[in-house]
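A note on names: the letters A, B, ... follow the listed sequences, proteins ahead of strands, and every chain is numbered from 1. Only this structure's heavy atoms are used, side chains among them; waters, hydrogens and symmetry mates stay out.
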Amino acid sequence: MTTETAAQFSVSFTRYIDADGHPTGPLPDFAAQAANLLPLYRAMVLTRAFDARAVALQRTGRLGTFASSLGQEAVGIGAASAMAPGDVLLPSFRDQSAQLWRGVTPLELLLYWGGDERGSDFAGPREDFPISVPVASHAPHAAGVALAFALRKEKRASVCILGDGATSKGDFYEALNMAGPWHLPMVMLVNNNQWAISVPRAAQTAAATLAQKAIAAGIPGEQVDGNDVVAVRDAVARALSRAREGGGATLVEAVTYRLSDHTTADDARRYRDDKAVTASWHGEPIARLRAYLVSQGTWSREDEEHALADATAAIDKATETYLATPPQPLAAMFDHLFAELPPSIRAQRTQALGGETPDA
Amino acid sequence: MPEIALVEAINLALARAMGEDASVIVLGEDVGRDGGVFRATDGLLARFGPERVLDTPLAEAAIAGISVGLAAQRFRPVAEIQFMGFAYSTIDQMLNQAARLRTRTRGRLTCPMVLRMPAGGGVHAPEHHSESGEACFTNIPGLRVVYPSSPKRAYGLLLAAIRDPDPVVFLEPTRLYRAAREDVADDGVALPLDRCFTLREGGDITLVGWGAIVRDMLAAADRLAAEGRQAEVIDVATLVPFDAASILASVARTGRCVICHEAPLTAGFGAEIAAQLAGPGLMSLLAPVERVTGWDTVMPLPRLEMQYIPGVERILAAARRSLRHG
Ligand SMILES: Cc1ncc(C[n+]2csc(CCOP(=O)(O)OP(=O)(O)O)c2C)c(N)n1
Ligand SMILES: [Mg+2]
């Protein structure tokens, strides 16, 4: 008998700014000037203000169930800020940070979560996908979008964001696997926030990292500190440039923590210890970057007050418009079903508008 | 006998079945620690332990497929799918495997599993959480499809489903989880799996339906009574196998029928009932069969959902139209 090593793998973990805001070494080029990080910081502040408002609106009966991204703002902002406008984002239901950066407006987000389909008709990123609610079902779409880019020889890439729980779904594995041999220009970004509703990360998979799921698919996989927006952006930027140059897909696992309940319909105290949550506030992405910016002399108390005021003003304005937006007419149910409404369904539309039942 | 909600009746039946049969296992996303997102499995982990109440990874196809394996090995898995919108990836397992294992092996291997899930709209839930997809399952031979609309029927039918030797898809009306309340005796008595339930007798018109809309049918019957017309109200409850005889017998007396369901019109299960009425029931009919259903559109988000879901007014309008005939 002979036994030798057939293959060997390792998974890296990258962090540039530690939990206390101290740099762990030189920062990547885009972050060499601390001032370049200000837009990222402001975007995270805007996201947090948006989430707080959405939760408050839900609690007062003016919005539907909502999934806050509290503590995970760096995942979406890091990724979206690495993307080019021509790339395509395929977000999950917790990726409002990335959507906001890409130009989806707070008003559109409120409309969607308030139960109005017009919120998915983004005026900004016209080719971005609407959020995926059926977990991981958008992973194959990301591969399909990437295949379209590859077939047309365009230097563009797709970015799919999904959760730690999503990496247990067949859709995820199937998409990742297909991206391997076809060298698809796709970035699969896993928001590992440690929880899938009540199921902790350790119960989701026995794998030591989620990044290593890429290895089985024959593509690179790496872990980054998901609370360090610099690390997320850097990893996604590297993955995107490799994708655009024909180097294929990458899996990036952003390790972070869900500081909020799963959604407004959830009560996390049923299944997790408040103490662990409190401890996880240390090193959360906004405080961390703020500490760094302050240490670099690029951020002051007044700057903070202005940023908060700006975010609040933007959210106030969106809220006001949202609350004043009347629902769509009933006909809207029918009017976007097919390019042209078939006669039989047109008859139903007429009946619906007349308040009648469909004929037997 | 305490008054309990429909979701509590589900919980009661699960606990009862687990208590009396050690082969009953509950599995699904968040069913353990969290007790299920609707609390249908609340307390089961504490009572029966982690070997009988399994929090699964997020993987519906595997939840169904693992249940097939367990069932073939003489366990009685009761798997929860968190919302019907996430059950469609189980259809491969349910259609190609669960429903056919007995047939394929000529009874050597069987599949006594239950796939439970909340279904239907009306609770302002997010996208993909409100559809009524029962017809996707009722067209699968070898699968029973059950859809109770009251706590008592939920309790008795779930016990029957768990004890049944074949696979059962068990749909629970989300809208009634908390809204429907009644006294339920935890007596371990199952209800028949192939019989309609006549909830109210009346000789003028038959209202037939299942799921949350049954409550609206009952309300419509009250209104019709105030107009001097007596409606018979039938909760189909067990869609497959389908008890056509009870419905035909009712329509033989009333001559009129309004079929009600939340699911879309075309190829909805109501079409099967209409076909029975057009066949063996034809000579009983005094008026065209009416169907009151969801539209053939994508289920809208919450702001328009109550204009999609048929309610009392549409049922009444159809009943009055029917009563005007002949
Ligand atoms: C296919 C599918 N199954 C179940 C659900 C219900 N559900 C919504 S979110 C969620 C957990 C998702 O966990 P994860 O992928 O880690 O994302 P996170 O919510 O933590 O952002 C579940 C089970 C769903 N939306 N889709
Ligand atoms: Mg998660």
Problem set entry | Top of B/Gln307, B/Glu313, B/Glu305, B/His129 for chain A proximity - count of heavy-atom pairs under 4.5 angstrom | B/Gln307
Problem set entry | SB check A/Arg270 B/Asp30 (cutoff 4.0 Å) | no
Problem set entry | Least distance between heavy atoms, B/Pro57 atom then A/Ser168 atom | CB-OG, 3.7 Å
For this session: Before accepting this row, confirm whether a basic side-chain N of the pair B/Glu60/A/Lys169 lies closer than 4.0 Å to the acidic partner's carboxylate O.
Result: yes
For this session: Check each atom of B/Val258 against the heavy atoms of chain A and say whether the ones under 4.5 Å are side chain, backbone, both or neither.
Result: neither
For this session: Nearest 0.5 Å please: distance from the NE2 atom of A/His336 over to the OG1 atom of B/Thr297.
Result: 11.5 Å
Problem set entry | B/Glu127 side-chain N/O to A/Val133 backbone N/O, donor-acceptor pair under 3.5 Å | no
Exercise. Under the side chain to side chain contact (heavy atoms under 4.5 Å, CB included) criterion, do A/Val199 and B/Glu29 qualify, and how do the steps go?
Worked result: CA-CA 8 Å; A/Val199 179; B/Glu29 292 157 15; 5.7 Å; no
Exercise. So which part of B/Pro300 gets closer than 4.5 Å to some heavy atom of chain A, the side chain, the backbone, both or neither?
Worked result: both
Exercise. Based on non-hydrogen pairs under 4.5 Å, which of B/Asp34, B/Val298, B/Thr56 is most in contact with chain A?
Worked result: B/Asp34
Exercise. Under 4.5 Å between any side-chain heavy atoms of B/Leu58 and A/Gln204, yes or no?
Worked result: yes
For this session: Examine whether an atom of A/Ile197 lies under 4.5 Å from a heavy atom of chain B, and if so say whether it belongs to the side chain, the backbone or both; otherwise answer neither.
Result: both
Exercise. Pick from A/Pro134, A/Ala332, A/Gly165, A/Gly114: which one has the most heavy-atom pairs with chain B under 4.5 Å?
Worked result: A/Pro134
Problem set entry | Separation of B/Trp295 CH2 from A/Gln351 CD (nearest 0.5 Å) | 6.0 Å
Exercise. Do the side chain of A/Glu117 and the main chain of B/Leu301 share a donor and acceptor less than 3.5 angstrom apart?
Worked result: yes
Problem set entry | OH on B/Tyr88 to OG on A/Ser137, rounded to 0.5 Å | 13.5 Å
Problem set entry | Under 4.5 Å from a heavy atom of chain B, the part of A/Pro200 involved | neither
Exercise. Under a 4.5 Å heavy-atom cut-off, does chain A meet the side chain of B/Phe83, its backbone, both or neither?
Worked result: neither
Exercise. About how many Å separate CG of B/Leu304 and CE of A/Met333, when rounded to the nearest 0.5 Å?
Worked result: 5.0 Å
For this session: Specify which of A/Phe93, A/Tyr112, A/Trp113 makes the most heavy-atom pairs with chain B at under 4.5 Å.
Result: A/Tyr112
